[in-house]
2 protein chains.
Amino acid sequence: MLTIGKLGAAAGVKVPTIRYYEQIGLLPPPGRSTGNQRLYPRAALDRLTFIRHARDLGFPLEAIRDLLSLSDRPDQSCAAADAIARTQLAAVRARIARLTALEAELQRMVAQCAHGTIASCRVIEVLGDHSHCADDDHARADAAA
Amino acid sequence: MLTIGKLGAAAGVKVPTIRYYEQIGLLPPPGRSTGNQRLYPRAALDRLTFIRHARDLGFPLEAIRDLLSLSDRPDQSCAAADAIARTQLAAVRARIARLTALEAELQRMVAQCAHGTIASCRVIEVLGDHSHCADDDHARADAAA
DNA sequence: CCTTGAACCTATAGGTGCTAGAGATATTAG
DNA sequence: CTAATATCTCTAGCACCTATAGGTTCAAGG
């Protein structure tokens, strides 16, 4: 049995985060010691490691919830899990594309800075002028989680 | 003079967002009509456009606050504005690098999916196993805003 | 056995950057 | 004048935690 601190250290997740996951139902409430402290079985480490890894890959908690419920029923088709992963892959690619465009514009901004005064500052100027933007509407800066 | 709706439409910013910016001090409180509705001068459009563009570029509101205060004092060196832009550029590049690594791992996950059952699903399996990860510690999935 | 200090407990509030809703008032078009 | 639209304030909610306060329990050393 693991205390919450050991579990967190083993999985690389902070203690309050574990309690948060329990609160939102991502982790089942574990048993308690006589002194009311959480005691986790080994299996909890697997589950938490799974969650942490998926978070590292950028999966939102709702997707992780789905993946966990899938993995609890191992006889079914993995098509759903595959779809979730593909959705995430598409989201990541969209974010990369958006960020690459931002990178180009930022680079242009700093390249043009002549280190003069604010009155002639390209950085300030470019920010006040949308005319260089490829796509003006929509597409807020990488709003996705 | 512009109503809040016209201002928002002109700058591409939603009305509640404008009120939010006023609330947090990014926009000065404008004058009011006799019926207590906000009335903005032309200059407010420039300022809001500046904010919106900077947000599109991924600048956090705090950085925008700094940039605005810089542009309010046009006699000073633009070194500070340049530094903010450079910091932002570095952050964007770091995020791109991180996301590109995620993309590779996700791609590997879905490529290996044999469309069988959950029991043999690579997606589920990979998520439960950190051994494929290049860098296990720290580096949460692109936590930056 | 007792003390000290770390780790644990609950509960609440804060952070970012908005967005949505309720319920009331103002303006504008027909 | 009326009806539709836009505005007002206020509050709460979203994701995903993180931090703080004030208290209890546990493990080790003397």
Side-chain angles (χ1 to χ4, degrees), chain A residues 1-27 29-40 44 48 51-66 68 88 91 95 138-145, chain B residues 1-27 29-40 44 48 50-68 88 91 95 138-145:
Chain A
M1 288 296 193
L2 299 162
T3 63
I4 195 170
K6 308 286 184 193
L7 177 67
V13 173
K14 288 178 186 147
V15 167
T17 305
I18 296 173
R19 289 195 279 248
Y20 170 72
Y21 287 162
E22 178 182 329
Q23 189 187 313
I24 64 171
L26 219 48
L27 287 176
R32 301 287 183 126
S33 71
T34 48
N36 198 35
Q37 302 196 348
R38 290 173 181 81
L39 285 181
Y40 294 90
L48 184 56
I51 295 170
R52 193 234 151 161
H53 195 184
R55 288 293 301 132
D56 281 351
L57 287 168
F59 287 87
L61 291 180
E62 271 318 295
I64 296 171
R65 202 187 291 276
D66 291 346
L68 283 169
Q88 181 58 21
R95 294 216 270 152
H138 320 299
R140 303 314 296 265
D142 129 272
Chain B
M1 287 297 192
L2 300 161
T3 63
I4 195 170
K6 309 285 184 193
L7 177 68
V13 174
K14 287 177 187 148
V15 168
T17 304
I18 297 173
R19 288 196 278 251
Y20 170 72
Y21 286 163
E22 178 182 330
Q23 189 188 313
I24 64 169
L26 267 190
L27 288 176
R32 301 288 182 125
S33 73
T34 49
N36 197 36
Q37 301 196 349
R38 290 173 181 82
L39 286 180
Y40 294 90
L48 185 54
F50 181 100
I51 294 170
R52 193 236 151 160
H53 196 183
R55 288 294 300 134
D56 282 351
L57 287 168
F59 287 87
L61 290 180
E62 272 317 295
I64 295 171
R65 201 187 290 276
D66 291 346
L67 287 169
L68 283 169
Q88 188 60 21
R95 292 221 270 156
H138 321 298
R140 303 315 294 264
D142 128 270

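Chain A is the first sequence line, chain B the second, and so forth, proteins listed ahead of strands; every chain is numbered from 1. The structure displayed is predicted, hence computed values, not measured ones.
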> Mind checking what makes side-chain hydrogen bond (donor to acceptor under 3.5 Å, both in side chains) contact with B:Glu62, not counting sequence neighbours?
Replying inline: B:Arg65

> Listed by chain and number, what are the side-chain hydrogen bond (donor to acceptor under 3.5 Å, both in side chains) partners of A:Arg19, not counting sequence neighbours?
Replying inline: none

Atom [atom1] of [X] and atom [atom2] of [Y]: how far apart are they, to the nearest 0.5 Å?
X: A:Leu26; Y: A:Thr17; atom1: CG; atom2: OG1; result: 11.5 Å
X: B:Asn36; Y: B:Arg38; atom1: CG; atom2: CZ; result: 8.0 Å
X: A:Ile64; Y: A:Arg52; atom1: CD1; atom2: CZ; result: 12.0 Å
X: B:Arg32; Y: B:Gln37; atom1: CZ; atom2: CD; result: 9.0 Å
X: A:Leu48; Y: A:Tyr21; atom1: CG; atom2: OH; result: 7.5 Å

Verify the contact: side-chain N or O of [X] to OP1 or OP2 of [N], cut-off strictly under 4.0 Å; return yes or no.
X: B:Lys14; N: C:dT19; value: yes
X: A:Arg55; N: D:dC17; value: yes
X: B:Tyr21; N: C:dC18; value: yes

Whole angstrom is fine here: how far is it from [atom1] in [X] over to [atom2] in [N]?
X: A:Ile4; N: C:dT10; atom1: CD1; atom2: P; result: 9 Å
X: A:Leu27; N: D:dC17; atom1: CG; atom2: C1'; result: 14 Å
X: A:Lys6; N: D:dA27; atom1: NZ; atom2: P; result: 10 Å
X: A:Glu22; N: C:dC8; atom1: CD; atom2: P; result: 14 Å
X: B:Tyr20; N: D:dC14; atom1: OH; atom2: P; result: 17 Å
X: A:Ile18; N: C:dC9; atom1: CD1; atom2: C1'; result: 14 Å
X: A:Leu61; N: D:dC14; atom1: CG; atom2: P; result: 13 Å
X: A:Tyr40; N: C:dC9; atom1: OH; atom2: P; result: 7 Å

> Below 4.5 Å, heavy atoms only, C-beta onward: do B:Leu61 and B:Tyr20 meet side chain to side chain?
Replying inline: yes

>> Between A:Val13 and A:Ile51, is there a side-chain heavy-atom distance shorter than 4.5 Å?
In response: no

>> Ignoring hydrogens, what is the shortest heavy-atom contact between B:Arg55 and B:Pro60? Give both atom names and the distance.
In response: NH1-CA, 3.9 Å

>> Can you give me the closest heavy-atom contact between A:Gly58 and A:Gln88, atom names plus distance?
In response: O-NE2, 3.0 Å

> Pick the nucleotide of DNA chain D nearest each of A:Thr17 and B:Gln23; which residue has the one closer to the 5' end?
Replying inline: B:Gln23

> Which ones in residues 30-39 of chain A lie close to DNA chain D, meaning a heavy atom under 4.0 Å from one of its atoms?
Replying inline: A:Ser33, A:Thr34, A:Gly35, A:Gln37

Dump the pairs, protein N or O against N or O of nucleotides 3-6 of chain C, anything under 3.5 Å, distances to one decimal.
none

Could you pull out the protein-nucleic contacts involving nucleotides 28-30 of chain C (nitrogen or oxygen on both sides, under 3.5 Å)?
none

>> Categorize A:Ile24 for me: base, sugar-phosphate, or nothing, with a 4.0 angstrom heavy-atom threshold over every strand shown.
In response: nothing

Show me the donor-acceptor pairs within less than 3.5 Å that the side chains of residues 3-12 of chain B make with the rest of the protein, sequence neighbours left out.
from	atom 1	to	atom 2	distance (Å)
B:Thr3	OG1	B:Lys6	N	3.4

